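Taking it in order: structure first as structure tokens, then the write-up.
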Number of protein chains: 2
Amino acid sequence: MGRPPSIDEDEVIARLAKVFSDVGYDGASLAQLAEASGLKKASLYHRFPGGKKQMAEDVLTAALDWIAANVLAPLAGDGPPRERIALAAENLDTFYRGGHRACLLNMLSSPRNEDGPFGKAIREAFEALLAAFAGVARAAGASEADARARAERAVVTMQGSLVLSRGIGSTGPFGRFLDELPDILAAEAGPARSRKVQQP
Amino acid sequence: MGRPPSIDEDEVIARLAKVFSDVGYDGASLAQLAEASGLKKASLYHRFPGGKKQMAEDVLTAALDWIAANVLAPLAGDGPPRERIALAAENLDTFYRGGHRACLLNMLSSPRNEDGPFGKAIREAFEALLAAFAGVARAAGASEADARARAERAVVTMQGSLVLSRGIGSTGPFGRFLDELPDILAAEAGPARSRKVQQP
DNA sequence: GTCTATAATATGATAGAC
DNA sequence: GTCTATCATATTATAGAC
């Protein structure tokens, strides 16, 4: 048999993920991917016979699996909704490195979803996240329509805060998104309480 | 003298802008840029001696000028705040083609703002937009801190809704952002009115 | 100002030794 | 399974005619 793997597959995927998250699909060259992974180009092709496209696919799949296990699953749990949300927020913070890492769903997106090799996976991932957010909002007492609106607001705010954090070079916006996530998804106050939000 | 310009410069910039918005900086090849602009590669280099980098810079500058004139200026006007916001929203709808076009600030972003040729312009553009939004929120009666929070929420929602619209292949999220923009920036109700939002 | 033709390099990918 | 060496192509960019 050949040599033993010099690097764990999960570690290779993790290193490739950083490159794709940083510079996107087109921006990632094989030279860069080889450098980052610690493998030579030919070794990368041995592990990913489908080439760069497969690398990105496997990276995306691994990311979505992680999100499914650490964000979607907690949101669908059976504890108090706000506790589920807090756990999901904590894991999103880990996933996005506190806002330092861009979202693959944004970095791998193509102009029209249907084109591009990842359009279908990206659309399904967004829809799964929307469904999970809506589910916990529903569990917190929102109507079906309100839950959907809250879920969209959560996804939109997450993506937008990541874009702005990268744009201004500060993780502030993403941090504030995490802080606000519970109130975005679960009604802020009981039915009889007066509001204090949006008033100085 | 040489031949007259076969295509108006503004039109060339507009066509290049579409390419960069669609596929980003790295994704845009000179073959693609030449095809889209209607000029041959050598003619593009005649107009943009700095090459692809200058094309993207000029495209970004033109976009930011348009935004300054059609979004920032209206927001800083002297009419009723909600009218200023309505005009800004209308022009943002035009600029982003109803949500079909991605934001250059997102497509040209680099991992760390400081790297990349456009980081400084992008950061300044975000800050100018934040300042303009905060200004109109302030004019609508918000405190300085509340105005800043509302401005950030507006920028974050705009960027996030564009990302989600592209991701799911529907302009719905961006359309809803435009609808909500007045309430994001200006207090929704007078001080004495009870709330109806976020309750089914 | 635009074009055809071409240069110089980087890219994605493969062959074949160990 | 990893590597060095290489291939074919696409890329950015330039030269020079009109």
Side-chain angles (χ1 to χ4, degrees), chain A residues 1-60 62 104 107-108 110-111 115-118, chain B residues 1-60 62 104 107-108 110-111 115-118:
Chain A
M1 312 196 222
R3 300 186 197 169
S6 48
I7 310 172
D8 179 54
E9 169 160 351
D10 288 354
E11 180 61 23
V12 171
I13 292 281
R15 295 186 191 185
L16 297 179
K18 170 160 174 48
V19 178
F20 284 119
S21 295
D22 280 349
V23 300
Y25 183 78
D26 293 305
S29 70
L30 255 72
Q32 198 174 353
L33 292 164
E35 163 94 18
S37 68
L39 293 171
K40 298 297 179 183
K41 279 193 271 189
S43 302
L44 272 181
Y45 274 93
H46 178 79
R47 297 197 183 205
F48 305 93
K52 183 169 142 178
K53 182 181 164 188
Q54 190 192 337
M55 295 178 212
E57 280 168 354
D58 288 6
V59 160
L60 185 55
L104 281 170
M107 297 305 283
L108 299 180
S110 294
D115 329 334
F118 318 111
Chain B
M1 311 194 227
R3 297 185 199 171
S6 48
I7 310 171
D8 179 53
E9 169 160 350
D10 289 354
E11 179 62 24
V12 171
I13 292 280
R15 296 185 190 185
L16 297 179
K18 169 158 172 53
V19 177
F20 285 120
S21 294
D22 280 350
V23 302
Y25 183 79
D26 293 304
S29 71
L30 258 74
Q32 199 175 352
L33 293 165
E35 163 94 17
S37 67
L39 292 172
K40 299 297 180 182
K41 281 192 265 189
S43 301
L44 272 181
Y45 273 93
H46 178 78
R47 297 197 183 206
F48 304 93
K52 182 169 141 177
K53 183 181 165 190
Q54 191 192 336
M55 295 178 211
E57 280 168 354
D58 288 6
V59 160
L60 184 55
L104 280 170
M107 297 305 283
L108 298 181
S110 293
D115 327 335
F118 319 111

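Just so we're clear, the structure is a prediction, and the values are computed from it rather than from any experiment.
Put simply, NE2 on B:H46 is 4 Å from P on C:dG1, counting in whole angstrom units. What separates CG of A:D26 from P of D:dT11 is a distance of 10 Å, to the nearest Å. Rounded to whole Å, the distance from CG on B:L39 to P on C:dT2 is 5 Å. When rounded to the nearest whole Å, the span between CZ of B:R47 and C1' of D:dT14 equals 18 Å. A straight line from CD of B:Q54 to P of D:dT14 spans 12 Å, rounded to a whole angstrom. The OH atom of A:Y45 sits 16 Å away from the C1' atom of D:dA5 (whole-angstrom rounding). Rounding to whole angstrom units, OH of residue A:Y25 and C1' of C:dG12 are separated by 9 Å. With rounding to whole Å, B:L44 atom CG is found 14 Å from D:dT11 atom P.
Across A:L16 and A:S37, no two heavy atoms sit closer than the pair CD2-CB, 4.0 Å. Here the closest non-hydrogen pair linking A:M107 and A:F20 is CB-O, 3.8 Å. Residue A:V19 comes nearest to A:A36 through the heavy atom pair CG2-CB, 3.4 Å, listed as atom of the first residue, atom of the second, then distance.
Among C:dT2, D:dT4, D:dT2, the nucleotide with an atom closest to any side-chain atom of B:P5 is C:dT2. Distances from the side chain of A:K40 to the nucleotides C:dT4, D:dT12, D:dT4 place D:dT4 closest.
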Atom pairs under 3.5 Å, N or O on each side, protein against nucleotides 7-11 of chain C: can you list them with distances?
none

Would B:F48 and B:V12 count as a side chain to side chain contact (heavy atoms under 4.5 Å, CB included) here? Give the steps. CA-CA 11 Å; B:F48 304 93; B:V12 171; 4.1 Å; yes
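Remark: B:S43 is in phosphate contact with C:dC3, judged by side-chain N or O atoms under 4.0 Å from OP1 or OP2.
Within the 4.0 angstrom heavy-atom criterion, only backbone atoms of the sugar-phosphate kind lie near B:S6; the bases stay farther away.
The side-chain heavy atoms of B:Y25 and A:D26, taken from C-beta on, include no pair separated by under 4.5 Å. Side chains of A:L39 and A:S6 form a contact here, defined as non-hydrogen atoms less than 4.5 Å apart.
Scored by the ring pair (Phe, Tyr, Trp, His ring centres under 6.0 Å) test, B:Y45 finds no partners at all (sequence neighbours excluded).
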